[in-house]
Amino acid sequence: MPELPEVETVRLGLAAAVVGRRVEGVEVTGVRSVRRQSKAAFKKALLGRTFAGALRRGKYLLVPLDDGAVLVAHLRMSGQLVHVVDPALPRVLHTHVVLGLDDASELRFVDPRTFGELFVAAELGPDGVPVVLAGLGTDPLVDGLPAARLGELLHGRRTTLKAFLLDQRFVAGIGNLYADEICHAAGLLPSRRTETLTAGDVERLAAAVAGVLAEAVRLRGSSLRDARYRDLAGALGGYQAHHAVYDRAGEPCPSCGVAVERIRVAGRSAHFCPACQS
DNA sequence: AGACAAGCCTGTACGC
DNA sequence: TGCGTACAGGCTTGTC
C-alpha cells in the first residue's frame with residue numbers, strides 16, 4: 001500500500017520519464033478510477049497538454065500541466081502507475097486508464113481494488129496545490145518537520161500516537177506501515193496517548209519520522225508479500241527487508257530480540273516491540 | 001468459505 | 001454547547 005516513500009519513488013520516476021511529454025491519447029475504461037469529474041471532462045483536460053512537472057503532497061501525486069491545471073493521482077491501496085515504453089505490450093488485468101504520450105510510450109493506471117483515483121484539478125491554492133487538497137497537513141519531506149513543529153501539531157491532541165500519525169490533516173503521507181516503523185524507531189508504543197508525550201519523546205518522534213521516511217525513500221519504498229507496489233518501471237522496493245516490526249508478529253525485534261507483538265489500535269493492526277517501546 | 005488487509009470518506013455517538 | 005475523538009460501515013479483491 002503506497003505511502004509517502006512509495007509515492008515519492010513514483011514521483012521521481014515520473015520526473016525522469018514523462019515530464020516534458022505531451023498527452024496524445026486518453027482512454028478511460030475503468031468505471032471508478034475517474035470519479036470526481038466526468039470522463040469526458042477528464043479527457044478534455046488532458047488531451048494536448050504537456051506534463052510540466054512532478055510533485056507530491058502526502059500520498060497524492062501532482063503533475064502540473066502546461067495550462068496551469070494539475071493532474072492528481074492517489075494510488076490508495078492497490079493503485080499502480082506504470083510507464084510502458086512499448087505500447088504493444090499487453091495491458092495487465094485491472095488497467096483502467098491509459099495515457100498515450102508523444103514519444104509513443106504509455107502511462108497506465110492499474111488498480112485491482114479501484115480505490116485509487118485520477119482527476120484534473122484546475123483550481124489551485126497559492127502554493128500550487130489543488131484547493132481540494134487544502135486539508136492535507138505538513139508533508140515531512142516537502143515541508144520538513146522539526147520537533148518544535150511536531151510539538152505544535154500534537155498540542156491539545158488527546159488520542160493514540162497511531163491515530164495521530166495516520167491522520168492526514170496533521171502530518172501527510174504516513175500510513176499503517178510507516179506509522180508502526182516510526183513508533184518503533186522512536187521507542188514509543190503505537191497505543192501511547194499523545195497527551196502523555198514528553199518533550200524528549202517528541203524529539204525522538206520527529207527524528208524517527210525524518211529518519212525512517214528518508215531511509216525508505218533511499219531504498220525506493222516497501223514491497224510487501226503481495227508485491228503489489230512497484231515503481232514506475234515495474235521494479236520492487238527495497239525497504240521491506242529493513243522493517244523492524246511491520247507484519248513481523250512473533251519474529252524477533254532487530255534491536256533486542258524480543259518477539260514482536262500485534263494488537264489493534266485505532267481500528268488498525270499495530271506491530272510493536274514490547275521491550276523497546278513504551 | 002469467509003475473514004482480513006488497506007486509505008479515506010461519511011455518519012453517528014460520546015465525553016470533556 | 002461545541003468540538004474533538006471514537007467507532008462502524010462502505011468501497012473492492014486478492015490472499016490466507
Side-chain angles (χ1 to χ4, degrees), chain A residues 1-8 10 29-37 56-62 72-81 92-97 109-119 121 129-137 139-140 152-183 190-197 213 216 221-230 236-237 239-240 243 245-251 260-271:
Chain A
M1 32 264 56
E3 302 179 23
L4 188 152
E6 291 77 32
V7 179
E8 176 67 7
V10 174
T29 49
V31 174
R32 286 165 40 83
S33 299
V34 176
R35 54 182 181 266
R36 292 206 194 202
Q37 61 200 150
R56 182 192 51 76
R57 192 83 188 184
K59 301 171 196 170
Y60 287 87
L61 281 165
L62 309 175
V72 182
H74 198 304
L75 307 175
R76 295 286 188 106
M77 292 177 58
S78 63
Q80 185 191 1
L81 279 171
V92 299
L93 189 63
H94 306 302
T95 300
H96 301 311
V97 179
F109 181 66
V110 181
D111 187 14
R113 294 181 192 173
T114 71
F115 285 18
E117 65 168 328
L118 302 178
F119 61 95
V129 174
V131 293
V132 291
L133 304 184
L136 283 179
D139 186 293
E152 289 172 12
L153 293 171
L154 280 160
H155 184 73
R157 301 270 81 78
R158 300 178 58 83
T159 184
T160 58
L161 181 52
K162 177 85 162 186
F164 171 78
L165 290 173
L166 290 176
D167 194 324
Q168 305 297 301
R169 295 172 300 175
F170 302 121
V171 182
I174 297 170
N176 207 35
L177 190 166
Y178 291 101
D180 283 0
E181 292 300 319
I182 286 165
C183 286
S191 56
R192 178 74 176 271
R193 297 292 304 184
T194 49
E195 63 268 32
T196 70
L197 293 173
L213 295 179
S222 299
S223 294
L224 304 182
R225 281 180 298 204
D226 65 3
R228 173 50 57 188
Y229 163 69
R230 291 170 181 270
L236 297 172
Y239 192 67
Q240 61 278 2
H243 292 175
V245 289
Y246 183 77
D247 203 21
R248 294 192 66 248
E251 296 176 45
V260 170
E261 295 184 14
R262 171 184 163 138
I263 58 172
R264 287 193 83 78
V265 177
R268 312 291 297 280
S269 65
H271 312 75

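In what follows, every chain begins at residue 1, and chains take the letters A, B, ... in the order their sequences are listed. Computed from a prediction, not measured in an experiment: that's the story for all the values here. Atoms considered below: every heavy atom in the structure, side chains included; atoms not considered: hydrogens, waters and symmetry mates.
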Which part of the nucleic acid does A:Ser78 contact within heavy-atom distance under 4.0 Å: base, sugar-phosphate only, or nothing?
nothing
Flag side-chain contact, heavy atom, 4.5 Å: A:Asp180 against A:Lys162
yes
Lys/Arg-Asp/Glu bridge criterion (N-O < 4.0 Å) met for A:Arg36, A:Glu117
yes
Before you tell me yes or no, could you show the steps for A:Lys59 and A:Glu3 under salt bridge (Lys or Arg N to Asp or Glu O under 4.0 Å), namely the whole-Å CA-CA distance, both residues' side-chain angles and the distance that decides it to 0.1 Å?
CA-CA 6 Å; A:Lys59 301 171 196 170; A:Glu3 302 179 23; 5.6 Å; no
Do A:Ser33 and A:Leu118 have side-chain heavy atoms sitting under 4.5 Å apart?
no
Whole angstroms only, please: what is the NE2-C1' distance between A:His74 and B:dC8?
7 Å
Expected list for residues 167-180 of chain A near DNA chain B, using heavy atoms below 4.0 Å, is A:Gln168, A:Gly175, A:Asn176
Roughly how many Å is it from CZ in A:Phe119 to C1' in B:dC8, rounded to a whole number?
13 Å
When you check the side-chain N and O atoms of A:His96 and A:Thr114, is any donor under 3.5 Å from an acceptor?
no
Between A:Ser269 and A:Tyr246, is there a side-chain donor-acceptor contact under 3.5 Å, judged purely by atom types and distance?
no
A:Pro5 pairs by side-chain contact (heavy atoms from CB on, under 4.5 Å) with which of A:Tyr229, A:Tyr178, A:Tyr239?
A:Tyr178
With sequence neighbours excluded, tell me which residues meet side-chain hydrogen bond (donor to acceptor under 3.5 Å, both in side chains) with A:Thr194.
none
For the side chain of A:Thr160 and the backbone of A:Arg192, is there at least one donor-acceptor N/O pair under 3.5 Å apart?
no
Identify whether any heavy atom of A:Arg35 sits under 4.0 Å from a base atom; if not, whether one sits that close to sugar-phosphate; answer base, sugar-phosphate or nothing.
nothing
Contacts of A:Phe170 meeting ring pair (Phe, Tyr, Trp, His ring centres under 6.0 Å) (sequence neighbours excluded), chain-then-number -> A:Phe164
Between A:Thr159 and A:Arg76, name the one whose nearest nucleotide on DNA chain C is closer to the 5' end.
A:Thr159
Please identify each residue that fulfils side-chain hydrogen bond (donor to acceptor under 3.5 Å, both in side chains) with A:Ser78, with sequence neighbours left out.
A:Asp111
Look for any protein N or O under 3.5 Å of an N or O in nucleotides 11-16 of chain B and output each such pair with its distance, or none.
none

Tell me, please, the opening and closing nucleotides of DNA chain C, 5' to 3', among those with an atom under 4.0 angstrom from a non-hydrogen atom of chain A.
C:dG4 to C:dG14
